[in-house]
Structures are given as C-alpha cells and as structure tokens.
Amino acid sequence: MTTPMVLSPPTVAPQAAQWAVQFAPAVTLSAGEFFLFCQQNPTLHIERNASGEVVFMSPTGGETGSRNAELIFQVQGWSKKDGTGVAFDSSTGFVLPNGAIRSPDVAWVRRERLAELTAVDKQRFLPLCPDFVIELQSPTDSATYLAAKLAEYIENGAQLGWLINPQTQSVTIYRPDQEPETLSNASQISGEPAFPSLTIDLTPIWQPAF
C-alpha cells in the first residue's frame with residue numbers, strides 16, 4: 001500500500017504563503033533528483049528544508065517583484081564593479097551543507113569558491129552556501145519563517161544576510177557570531193565589515209516604482 005504524501009503548512013510559518021509536502025519515507029530524492037523535479041515543474045518556486053520537507057511558495061505580487069528587481073540590479077552593479085564574486089537571482093538554487101536546498105531572493109558568491117565547482121555543478125543547484133544573501137519580505141510572508149532562513153544561511157557559512165521588510169521600512173542584519181541587528185527607516189545600508197565596498201540605496205525599496 002502506498003503511503004500518501006502529507007500536505008501541511010511549514011511548522012515554522014503556518015500563516016505564510018508557503019506549503020510543505022513531506023515525501024519521506026515514501027519517496028526520497030537526492031539533490032540531483034530534486035533538481036530534475038524542479039525542472040519538470042518550472043512554474044513553481046520550490047525549496048527543500050533540512051528535514052526533507054519540500055516547500056512550495058506562491059508567486060510574488062507586483063510591488064514585491066519590482067522591489068526584488070531593484071535589489072538584484074543594485075547588487076549586480078556592485079558585483080561587476082567589485083569583480084571578486086558573482087550575483088544570482090531568486091531562481092538560483094543552493095544546496096546548503098545541512099542538506100537544505102534554498103533560493104534566496106538575491107545571492108552573491110566569491111569567484112574562488114565557484115572556481116572549485118565542476119561543469120555539472122554549475123549547471124545544477126550550486127553545492128554551497130552563498131557568502132551574502134538577501135530575503136525580501138512580502139506582505140504575505142512570515143517574519144518568523146524568513147528569520148529562520150536567514151539564521152540558517154549564517155549557520156551554513158554565509159558571511160552576511162539581510163532581511164528587508166518594506167512594510168516596516170526595516171532591515172535586519174545577520175552576521176556570524178553576532179545577534180541580529182535591525183535598522184529602521186535607513187536610506188541606505190552598507191555591507192561592512194565583510195563587504196565594505198557594498199552599499200545599497202533603500203529609497204526605491206521603501207517607495208514602490210508604481
């Protein structure tokens with residue numbers, strides 16, 4: 001008899017616009033198999049947490065999408081000028097050391113780390129944790145759920161993480177071996193000390209483009 005899959009909200013964020021499916025133990029997917037599963041369902045934004053739950057997230061609204069495009073534009077501009085790393089958008093998957101497969105809204109990885117990857121690695125979910133990540137909170141996202149994701153990135157090797165909440169015009173900064181720090185109503189934010197050349201203008205994030 002086949003064990004049915006259980007569909008339930010993620011335990012860390014029952015009010016968020018995400019749903020989790022527990023495949024195991026009926027079905028187990030390697031990182032490669034999960035990559036193929038995602039390719040077969042290209043209209044879905046899918047992640048997998050460290051416990052093996054597959055998390056499905058709904059598409060964002062217009063304002064959130066515009067804000068995320070602005071963040072990617074600014075980080076990409078800095079990345080090209082800095083030259084030491086590569087920026088990635090929200091469709092890029094990363095296999096973290098703890099086994100979770102995540103796709104931050106914005107991510108950046110140092111070039112020397114990317115140089116260690118094989119040609120196959122580069123075509124699939126990247127088997128590493130980004131050095132720098134941004135998560136942009138939409139009106140339907142749970143702050144608790146996103147805070148747990150940011151903490152997970154730091155625990156798995158990220159040097160800097162930002163949780164940006166346009167609704168409260170605040171940025172919570174995550175760094176290794178430090179408590180999260182929240183800035184309110186800031187017009188810009190710096191990547192210091194890990195990335196001193198990085199500065200992001202927050203004005204277009206607080207004020208929607210349309």
Side-chain angles (χ1 to χ4, degrees), residues 5 10-13 18-57 60 68 71-72 75-76 78-80 82-136 141 145-164 173-178 191 194-195 198:
M5 293 183 294
T11 55
V12 294
Q18 297 102 15
W19 292 90
V21 176
Q22 181 58 267
F23 285 87
V27 177
T28 58
L29 299 175
S30 66
E33 290 169 336
F34 185 68
F35 173 82
L36 295 176
F37 173 75
C38 293
Q39 302 311 300
Q40 292 171 344
N41 297 275
T43 60
L44 300 177
H45 187 178
I46 311 171
E47 293 184 332
R48 187 170 71 183
N49 62 28
S51 65
E53 286 183 319
V54 177
V55 183
F56 297 84
M57 291 161 284
T60 64
N68 203 59
L71 286 172
I72 293 171
V75 172
Q76 175 76 324
W78 162 75
S79 180
K80 285 184 173 296
D82 178 78
T84 63
V86 177
F88 299 90
D89 70 5
S90 60
S91 62
T92 309
F94 296 87
V95 184
L96 307 188
N98 69 351
I101 299 177
R102 299 296 190 184
S103 53
D105 289 325
V106 184
W108 182 90
V109 183
R110 294 187 184 278
R111 287 188 180 276
E112 61 262 30
R113 299 181 65 208
L114 294 171
E116 298 176 354
L117 302 180
T118 68
V120 173
D121 288 338
K122 294 177 182 180
Q123 294 174 5
R124 299 193 173 191
F125 297 142
L126 301 182
L128 50 77
C129 181
D131 295 287
F132 167 52
V133 298
I134 301 176
E135 291 286 0
L136 178 65
D141 284 332
Y145 179 73
L146 291 180
K149 287 181 67 175
L150 265 296
E152 181 181 53
Y153 293 133
I154 298 299
E155 292 167 359
N156 281 269
Q159 300 175 47
L160 178 66
W162 294 342
L163 174 53
I164 299 179
I173 305 169
Y174 292 77
R175 304 184 182 94
D177 304 316
Q178 295 185 36
F195 309 107
L198 170 61

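Heavy atoms only: backbone and side chains are in, while hydrogens, waters and symmetry mates are out. All figures in this text were calculated on a predicted structure; none of them were measured in a lab.
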Atom [atom1] of [X] and atom [atom2] of [Y]: how far apart are they, to the nearest 0.5 Å?
X      : Y      : atom1 : atom2 : answer
Leu136 : Asn68  : CG    : CG    : 5.5 Å
Leu117 : Gln123 : CG    : CD    : 11.5 Å
Gln76  : Leu71  : CD    : CG    : 13.0 Å
Leu126 : Ile101 : CG    : CD1   : 11.5 Å
Arg175 : Trp162 : CZ    : CH2   : 9.5 Å
Tyr174 : Lys149 : OH    : NZ    : 12.0 Å

Using the six-membered ring wherever Trp is involved, compare the ring planes of Trp78 and Phe195 and label them parallel, tilted or perpendicular (cut-offs 30° and 60°).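 Ring orientation, 0 to 90° scale: perpendicular.
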When you compare the side chain of [Y] with that of [X], does any pair of heavy atoms fall below 4.5 Å?
X      : Y      : answer
Gln159 : Arg110 : yes
Asp121 : Leu128 : no
Leu198 : Phe132 : yes
Trp108 : Ile134 : no

Restricting to side-chain hydrogen bond (donor to acceptor under 3.5 Å, both in side chains), what partner residues turn up for Arg111, sequence neighbours left out? none
If you look at every heavy atom in [X] and [Y], which pair is closest and at what distance?
X      : Y      : answer
Ala158 : Cys129 : N-SG, 3.8 Å
Ser91  : Asp89  : OG-OD1, 2.7 Å
Ser90  : Ser103 : O-CB, 3.4 Å
Pro130 : Pro104 : CG-CG, 4.5 Å

Sole candidate of Val133, Val109, Val75, Ile72 that passes side-chain contact (heavy atoms from CB on, under 4.5 Å) when paired with Phe88: Val109
Do side-chain atoms of Arg124 reach the backbone of Gly93 as a donor and acceptor pair under 3.5 angstrom? no
Strictly by modelled atom types, are Glu152 and Asn98 linked by a side-chain donor-acceptor pair under 3.5 Å?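 A donor-acceptor contact under 3.5 Å links the two side chains.
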